[in-house]
Amino acid sequence: MSEATTSNGFHHEALLYAGEWEFVEKTGAFLQEGLDAGDAMLVVVGSRKIDLLREHLGAAAARVLFADMAEVGRNPARIIPAWREFVATNAGTAAGMRGIGEPIDASRTAEA
């Protein structure tokens with residue numbers, strides 16, 4: 001995993017993974033840490049991965065906000081505003097914030 005940190009406590013990490021199982025294993029662990037810490041969380045990925053993460057997290061998935069990248073990213077200009085809204089909504093109300101976004105996916109076509 002690659003990480004960049006700013007002086008304001010913001011961390012940005014990149015995750016390279018091989019297949020759905022590794023995606024779920026690694027992002028599921030990240031989300032579970034956030035659940036344990038009381039963090040607000042937003043996950044913006046494809047619907048298949050949302051289903052896999054919900055299954056992995058079980059009942060705790062209800063505490064994670066999920067959005068389908070096929071909808072949010074249909075117009076790429078909507079991606080950053082979605083993250084800004086999440087941050088504005090949760091600033092000062094949660095222990096911290098965590099997010100997972102996958103705007104680039106090999107399965108997406110020019111139409112999706």
Side-chain angles (χ1 to χ4, degrees):
M1 207 175 292
S2 170
E3 180 177 335
T5 305
T6 64
S7 61
N8 65 2
F10 174 80
H11 302 277
H12 183 268
E13 299 180 18
L15 171 66
L16 302 177
Y17 60 91
E20 290 177 338
W21 65 270
E22 191 173 3
F23 173 83
V24 171
E25 178 182 313
K26 291 185 176 185
T27 58
F30 176 76
L31 293 171
Q32 187 59 56
E33 289 174 4
L35 289 165
D36 294 344
D39 293 346
M41 291 175 281
L42 172 60
V43 177
V44 187
V45 296
S47 62
R48 167 86 177 136
K49 289 179 180 165
I50 290 172
D51 292 343
L52 292 170
L53 285 170
R54 283 184 170 143
E55 182 180 330
H56 179 78
L57 294 171
R63 295 175 38 213
V64 178
L65 178 60
F66 291 95
D68 188 342
M69 184 57 81
E71 294 175 24
V72 176
R74 183 170 293 139
N75 176 344
R78 291 176 40 203
I79 297 171
I80 291 174
W83 286 107
R84 284 186 176 156
E85 180 180 342
F86 169 73
V87 170
T89 299
N90 292 286
T93 64
M97 290 180 261
R98 290 175 184 243
I100 298 172
E102 192 171 47
I104 300 171
D105 183 330
S107 67
R108 290 184 66 196
T109 64
E111 294 80 34

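Each residue takes its place number in the sequence, starting with 1.
Taking CZ from F23 and CG from L53, the interatomic distance works out to 5.0 Å, rounded to the nearest 0.5 Å. To the nearest 0.5 Å, atoms CD1 (I79) and CE (M69) are separated by 4.5 Å. Atom-to-atom distance recorded for R74:CZ and D68:CG is 8.5 Å, nearest 0.5 angstrom.
By the salt bridge (Lys or Arg N to Asp or Glu O under 4.0 Å) test, E33 pairs with R98, sequence neighbours left out. Applying the ring pair (Phe, Tyr, Trp, His ring centres under 6.0 Å) rule to F30 yields no partners; only residues at least two apart in sequence or on another chain are considered. For E85, the side-chain hydrogen bond (donor to acceptor under 3.5 Å, both in side chains) test picks out no residue, with sequence neighbours left out.
A cation-pi geometry, defined here as NZ or CZ lying under 6.0 Å from the six-membered ring centre and within 45° of its normal, does not hold between K26 and Y17.
Salt bridge present: R48 and E20 bring a charged side-chain N and a carboxylate O closer than 4.0 Å.
In this structure, A60 and L35 approach most closely via the heavy-atom pair CB-CD1, 3.7 Å. Residues I50 and A67 share a closest heavy-atom pair of CD1-O, 3.5 Å. Across all non-hydrogen atoms, the minimal contact from F86 to L65 is CD1-CD2, 4.5 Å. A pairwise comparison of heavy atoms in A37 and A95 identifies O-CB, 3.2 Å as the closest pair.
Side-chain atoms of M41 and R63, non-hydrogen and from C-beta on, never get closer than 4.5 Å to each other. When side chains are defined from C-beta on, V44 does not count as touching I100, because their heavy atoms never get closer than 4.5 Å.
Surrounding CD of E22 are more than 12 heavy atoms belonging to other residues, nucleotides or ligands, all under 6.0 Å away.
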Yes or no on side-chain contact (heavy atoms from CB on, under 4.5 Å) for M97 and D39, after CA distance, side-chain angles and deciding distance?
CA-CA 5 Å; M97 290 180 261; D39 293 346; 5.9 Å; no
